[in-house]
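For reference, the structure discussed in these notes is given below.
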Amino acid sequence: MEFDNVMDCIFCKIIEGELPCHKIYEDKRIIAFLDINPINKGHLLVVPKEHHLNILDTPIDLLKDMIAVVQKMAFLVIEAVGAKGFNLSVSNGKEAGQMVDHLHFHIIPRFTRDNLHLWSGKALSDDEMKHVAENIKKMMTQ
Ligand code: AMP
Ligand code: ZN
């Protein structure tokens, strides 16, 4: 758990009601609100009330509760904004683009020809792929 900067955490402040948000949903452990800088209409964030940095330091039972809320919110927002699909995204770490150090799942509604190109592919040789796969599997047995 990362408690170092809870005092400065913008999402903790939203959860405590010290900062405003467009709240969509709240239960004992989780809150969902609109992203202030939406990538598409209806872009929302599902956030645990407990301060955890990212997926790696969040208890599995909380993650399970979060994914259940993600599914519920995705059904609702798709219907509400007339989307055709959605991207679910979580940035874990600065290198992954994480700006707010409090775990959050992005639900980004998608529309036909909305011109978003979130990822591009990278070519890896078959040898490199094999090497990566073997290293990961090795870690699993340790
Ligand atoms: P990430 O890069 O995954 O850490 O994304 C952080 C997200 O939080 C960005 O999409 C921001 O637009 C969003 N955000 C930052 N401050 C607020 C706020 N006060 N209310 C709602 N969303 C916010
Ligand atoms: Zn926080």
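Order of appearance sets the numbers: ligands from 1, and atoms from 1 within every ligand.
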Mind checking whether [X] has a heavy atom under 4.0 Å from ligand 1?
X	answer
G97	yes
L19	no
I39	no
D101	no

Under 4.0 Å between heavy atoms, the region of V90 that gets near ligand 1 turns out to be neither

Under-4.0 Å heavy-atom contact with ligand 1, by part of F11 that carries it:
side chain

Looking at H102, the N/O/S atom that lies nearest to the Zn ion (ligand 2) is called ND1

Atom of H51 closest to the Zn ion (ligand 2), considering N, O or S atoms
ND1

Which of the ligand 1 atoms, numbered from 1, are nearer than 4.0 Å to a heavy atom of I14
18 (C), 19 (N), 20 (N)

Atom indices of ligand 1 within 4.0 angstrom of H104 heavy atoms, with elements:
1 (P), 3 (O), 4 (O), 5 (O), 6 (C)

Aromatic contact between H104 and H102, with the criterion being ring centroids under 6.0 Å apart: yes or no?
no

For the rings on F75 and F86, is their centre-to-centre separation under 6.0 Å?
no

Consider every N or O of H43 and every N or O of ligand 1, then say whether any pair is closer than 3.5 Å.
no

